[in-house]
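Structure first, then comments.
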Amino acid sequence: MSESIQFKTTQPHMLKSNKEYASQTLMGGLSGFESPIGLDRRDRIRALRSGDIGFVHSWDINTSVDGPGTRMTVFMSGCPLRCQYCQNPDTWKMRDGKPVYFDAMVKKIERYKELFKATGGGITFSGGESMMQPAFVSRVFRATKEMGVHTCLDTSGFLGANYTDEQLDDIDLCLLDVKSGDEATYKKVTGGILQPTIDFGHRLAEHNVKIWVRFVLVPGLTDSEENVENVAKICASFGDAVEHVDVLGFHQLGRPKWHEMRIPYPLEDAKGPSAKLRQRVVRQFEDHGLTVY
């Protein structure tokens, strides 16, 4: 923790006696992170702005999902979009996350750094939308790069303006969600606007950051030939920065969370794409010279 920030109420013994903290599981919880319990609102805001703490939903160790090699994926809390197919609506509100010290996060990465180097893996920040917490994420990326460990940002790019050019230089790979190819469809899918994603993709390309594009194929929502064609054109405009496009078929795995949180689920009766539909979409991307997985 930065010496410039003094937290009034957090003491080391609180971590040992806090039952909720002690009961968190290793995978999918926050075990192993020192969490600043009992901070008042003013201290939290100051620490968030400086990057001394970040609000984290959960974390996991995985392979071949969120970037190359074995990765530590950290799911940050808070997201400005409301995607109809969101799998993690429990990450929408930053206040629902747990505050975690910057130093605790770095120590956790150090524990796994030899594994990451051996497998070509590293750390991925996901969400929610990790770009809601640019100070924390960029500070962790800087420390991670100094260890010689690979960094990956999983984002919609909607908040790309939050990142300076200097901060972009610490990102090795971006998993960029291009959710739709026109403003009307993007608004329907996410409640947001498309242009910031396009702008961020161009900035990544200019800074030689590799891009893996993710596109979720939802029958009746994102599958029109025109929409897919526009997505493909956007991806092609990023040039050689795009290593491949992942066409992700819609599924209903996130529906139970919407029900649990008593949020009306807009895709209650939606089905996943057929093999024929997926083949058509893949062909559209390939026609623009893009590699598709």
Side-chain angles (χ1 to χ4, degrees), residues 1-12 14-15 18 21 30 32-59 72-82 88 90-110 123-147 149 151-172 174-176 191-193 196-197 199-200 203-204 207 209:
M1 183 176 63
S2 170
E3 294 180 357
S4 64
I5 301 292
Q6 296 298 320
F7 297 113
K8 299 178 181 178
T9 57
T10 303
Q11 301 295 330
M14 291 182 178
L15 301 176
N18 185 277
Y21 181 86
L30 295 177
F33 287 127
E34 184 184 359
S35 180
I37 300 166
L39 299 184
D40 64 29
R41 183 174 181 275
R42 183 182 63 179
D43 284 340
R44 289 191 182 208
I45 292 174
R46 290 173 59 211
L48 181 65
R49 288 174 177 171
S50 66
D52 283 300
I53 64 171
F55 285 83
V56 177
H57 173 269
S58 57
W59 71 283
M72 175 180 173
T73 301
V74 181
F75 299 91
M76 305 298 288
S77 292
C79 184
L81 302 180
R82 294 295 181 264
N88 299 302
D90 50 339
T91 66
W92 285 350
K93 298 178 181 179
M94 192 182 301
R95 66 174 180 266
D96 290 340
K98 299 291 185 180
V100 170
Y101 285 135
F102 163 76
D103 285 350
M105 180 70 71
V106 173
K107 288 178 182 178
K108 177 66 72 173
I109 298 169
E110 286 179 331
I123 181 170
T124 298
F125 273 109
S126 186
E129 175 53 75
S130 57
M131 295 187 85
M132 283 191 72
Q133 304 185 58
F136 181 80
V137 171
S138 62
R139 283 188 63 187
V140 174
F141 274 167
R142 176 90 294 269
T144 302
K145 292 293 292 179
E146 289 173 354
M147 297 180 209
V149 173
T151 61
C152 177
L153 182 70
D154 181 4
T155 180
S156 68
F158 183 71
L159 298 176
N162 284 357
Y163 267 59
T164 67
D165 289 347
E166 184 179 7
Q167 289 169 333
L168 291 183
D169 291 336
D170 289 326
I171 302 172
D172 292 315
C174 181
L175 309 181
L176 185 62
I193 57 177
T197 299
D199 295 341
F200 188 63
R203 288 182 64 206
L204 291 170
H207 284 261
V209 178

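This one's a predicted model, so the numbers in the text were calculated from it and none came from an experiment. The figures here come from the full heavy-atom set of this structure, side chains too, leaving out hydrogens, waters and symmetry mates. Throughout, numbering of the chain's residues begins at 1 and tracks the sequence.
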What is the distance from atom [atom1] of [X] to atom [atom2] of [Y], rounded to the nearest 0.5 Å?
X    : Y    : atom1 : atom2 : result
S138 : L168 : OG    : CG    : 10.0 Å
T144 : R139 : OG1   : CZ    : 12.0 Å
L159 : T197 : CG    : OG1   : 9.5 Å

Heavy-atom donor-acceptor pair, [X] side chain to [Y] backbone, under 3.5 Å:
X    : Y    : answer
S126 : F75  : no
R203 : Y163 : yes
D172 : T151 : yes
E129 : P80  : no
T73  : T124 : no

V137 vs M131, side chain to side chain contact (heavy atoms under 4.5 Å, CB included): CA-CA, chis, key distance, verdict
CA-CA 8 Å; V137 171; M131 295 187 85; over 6 Å; no
Exercise: identify the closest heavy-atom pair between [X] and [Y]:
X    : Y    : answer
N162 : P134 : O-CB, 3.9 Å
T155 : F200 : CG2-CE2, 3.9 Å
I53  : Y101 : CG2-CD2, 3.8 Å
D170 : R142 : OD1-NH2, 2.7 Å
F55  : G97  : CD2-O, 4.0 Å

How about [X] and [Y]: do any of their side-chain heavy atoms sit closer than 4.5 Å?
X    : Y    : value
V106 : M147 : yes
Q133 : M94  : yes
L175 : L153 : no
L48  : F136 : no

For A135, which residues count as a side-chain contact (heavy atoms from CB on, under 4.5 Å) partner, sequence neighbours excluded?
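Residues passing side-chain contact (heavy atoms from CB on, under 4.5 Å) with A135: none at all.
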Before giving the answer on side chain to side chain contact (heavy atoms under 4.5 Å, CB included), spell out for F158 and I193 the whole-Å C-alpha distance, their side-chain angles and the decisive distance to 0.1 Å.
CA-CA 8 Å; F158 183 71; I193 57 177; 3.8 Å; yes
Is it the case that over 12 heavy atoms from other parts of the model lie below 6.0 angstrom from the CD atom of E166?
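Counting neighbours around CD of E166, 12 or fewer heavy atoms of other residues, nucleotides or ligands fall under 6.0 Å, so no.
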Does R82 have more than 12 heavy atoms from other residues, nucleotides or ligands lying within 6.0 Å of its CZ?
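Yes, because the 6.0 Å sphere around CZ of R82 holds more than 12 heavy atoms from other groups.
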Step by step, work out the side chain to side chain contact (heavy atoms under 4.5 Å, CB included) result for M76 and M132.
CA-CA 9 Å; M76 305 298 288; M132 283 191 72; over 6 Å; no
Yes or no on side chain to side chain contact (heavy atoms under 4.5 Å, CB included) for V56 and F125, after CA distance, side-chain angles and deciding distance?
CA-CA 10 Å; V56 177; F125 273 109; 6.0 Å; no
Does a salt bridge link R46 with D52, judged by any charged N lying under 4.0 Å from a carboxylate O?
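Between D52 and R46 there is no salt bridge, as every charged N stays at least 4.0 Å from the carboxylate O atoms.
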Set of residues satisfying side-chain hydrogen bond (donor to acceptor under 3.5 Å, both in side chains) with respect to D96, sequence neighbours excluded:
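With neighbours one apart ignored, the set is empty.
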With sequence neighbours excluded, give me every salt bridge (Lys or Arg N to Asp or Glu O under 4.0 Å) pair touching residues 151-163.
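Applying salt bridge (Lys or Arg N to Asp or Glu O under 4.0 Å) to every pair that reaches into residues 151-163, excluding sequence neighbours, yields D154-R214.
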